[in-house]
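Report on one structure; see the data block that follows.
Remember, it's a predicted structure, so these values are computed and weren't measured experimentally. Throughout, numbering of the chain's residues begins at 1 and tracks the sequence.
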Amino acid sequence: MQHTYIVRHGTTVLAAVAFLGLGTTTAHADPGIPAVGYGYPNVAASVRCVQYYVNQLTDVHILEDGKFGPETQLGIKRIQKLAGTTWAAAPLKVDGIFGKKTGQVVLERVKQYPWLVNNYQAASTCGHYVPSYTVVLN
């Protein structure tokens, strides 16, 4: 009887610790998320999230419609230019393609300065729809 109680109690404690620990880990990016730009699949959710980051982090304001076009490309170029100059991040190639390097820089910027976005939960959710090396927002 005592042994059964210990096993049940131990299992419950272990499950609780595992559950609580899940919230503290950093999720990894899905390596299958393609870049956003001309010549890429441009999945609407990914494009919409790129547009969200452009609107939040630059002086370029575009419609968040999930459709890639010249305005979205301009916004991506603005992010890439800011990253190498004003943000003091690693310089990015200013090519208008939101790939893993650009995504990583954007997500790290939002994590370091969460007040730059008007909705951190939306920024965090978008972190799972844009290419990056790791998802750094929780």
Side-chain angles (χ1 to χ4, degrees):
M1 183 76 171
Q2 181 69 15
H3 182 272
T4 304
Y5 171 78
I6 291 172
V7 170
R8 283 185 186 168
H9 183 68
T11 303
T12 303
V13 170
L14 184 60
V17 169
F19 177 74
L20 293 174
L22 288 176
T24 61
T25 61
T26 301
H28 294 283
D30 178 351
I33 296 177
V36 173
Y38 286 117
Y40 293 92
N42 295 326
V43 177
S46 294
V47 175
R48 191 174 300 109
C49 285
V50 167
Q51 292 166 334
Y52 171 80
Y53 290 130
V54 166
N55 286 337
Q56 297 297 306
L57 301 175
T58 73
D59 56 354
V60 177
H61 299 289
I62 57 177
L63 183 63
E64 295 174 23
D65 61 359
K67 297 176 184 174
F68 187 87
E71 293 172 347
T72 305
Q73 183 184 37
L74 175 68
I76 294 169
K77 286 181 177 181
R78 181 71 175 137
I79 282 177
Q80 292 167 331
K81 188 173 182 181
L82 285 170
T85 56
T86 308
W87 297 356
L92 296 171
K93 183 176 180 182
V94 181
D95 59 5
I97 298 170
F98 198 101
K100 288 184 180 196
K101 287 182 182 179
T102 302
Q104 189 68 27
V105 168
V106 165
L107 295 177
E108 287 176 358
R109 176 88 173 157
V110 171
K111 184 172 185 174
Q112 187 174 4
Y113 304 104
W115 55 86
L116 294 176
V117 297
N118 64 5
N119 183 340
Y120 190 80
Q121 182 60 41
S124 180
T125 299
C126 275
H128 297 280
Y129 290 95
V130 295
S132 69
Y133 295 110
T134 59
V135 175
V136 295
L137 306 178
N138 288 334

### Task
Dump the intermediate steps for side chain to side chain contact (heavy atoms under 4.5 Å, CB included) on Leu116 and Leu57, then the final yes or no.
CA-CA 7 Å; Leu116 294 176; Leu57 301 175; 4.0 Å; yes
Which atoms form the tightest heavy-atom contact between [X] and [Y], and what is the distance?
{"X": "Ala83", "Y": "Leu92", "value": "CB-CD1, 3.7 Å"}
{"X": "Thr58", "Y": "Val54", "value": "OG1-O, 2.6 Å"}
{"X": "Ile33", "Y": "Ser46", "value": "CG2-OG, 4.1 Å"}
{"X": "Lys111", "Y": "Tyr120", "value": "CA-OH, 4.1 Å"}
{"X": "Val130", "Y": "Cys49", "value": "CG1-CB, 3.8 Å"}
{"X": "Gln56", "Y": "Asn118", "value": "OE1-N, 2.8 Å"}

### Query
Which disulfide bond (SG atoms under 2.5 Å apart) pairs, counting each pair once, include a residue from residues 85-115, with sequence neighbours left out?
none
### Query
Step by step, would you call Ile62 with Asn55 a side chain to side chain contact (heavy atoms under 4.5 Å, CB included)?
CA-CA 7 Å; Ile62 57 177; Asn55 286 337; 3.6 Å; yes
### Query
Where the side chain of Gln51 meets the backbone of Thr72, is there a donor-acceptor pair that is under 3.5 Å apart?
no
#### Entry: Flag, side chain of Tyr53 to backbone of Gly127, donor-acceptor distance under 3.5 Å
yes
### Task
With sequence neighbours left out, write down each residue that passes ring pair (Phe, Tyr, Trp, His ring centres under 6.0 Å) with Tyr40, or none if nothing qualifies.
none
### Task
Establish whether Tyr129 and Val36 are linked, either directly or via other cluster members, by ILVMFWY side-chain heavy-atom contacts under 4.5 Å.
no
### Message
With a 4.5 Å cut-off on side-chain heavy-atom distances among I, L, V, M, F, W and Y, is there a chain of contacts connecting Ile97 to Ile79?
### Response
no
### Query
Considering the options Gln73, Lys77, Gln80, which one meets the side chain to side chain donor-acceptor pair (under 3.5 Å) requirement together with Asp95?
Gln80
### Message
Listing request: all ring pair (Phe, Tyr, Trp, His ring centres under 6.0 Å) pairs with a residue in residues 65-118, at least two apart in sequence or in separate chains.
### Response
Tyr38-Phe68, Tyr113-Trp115
### Query
Do Thr134 and Gln104 pass the side chain to side chain contact (heavy atoms under 4.5 Å, CB included) test, and can you show the C-alpha distance, the side-chain angles, and the key distance before you say yes or no?
CA-CA 7 Å; Thr134 59; Gln104 189 68 27; 3.2 Å; yes
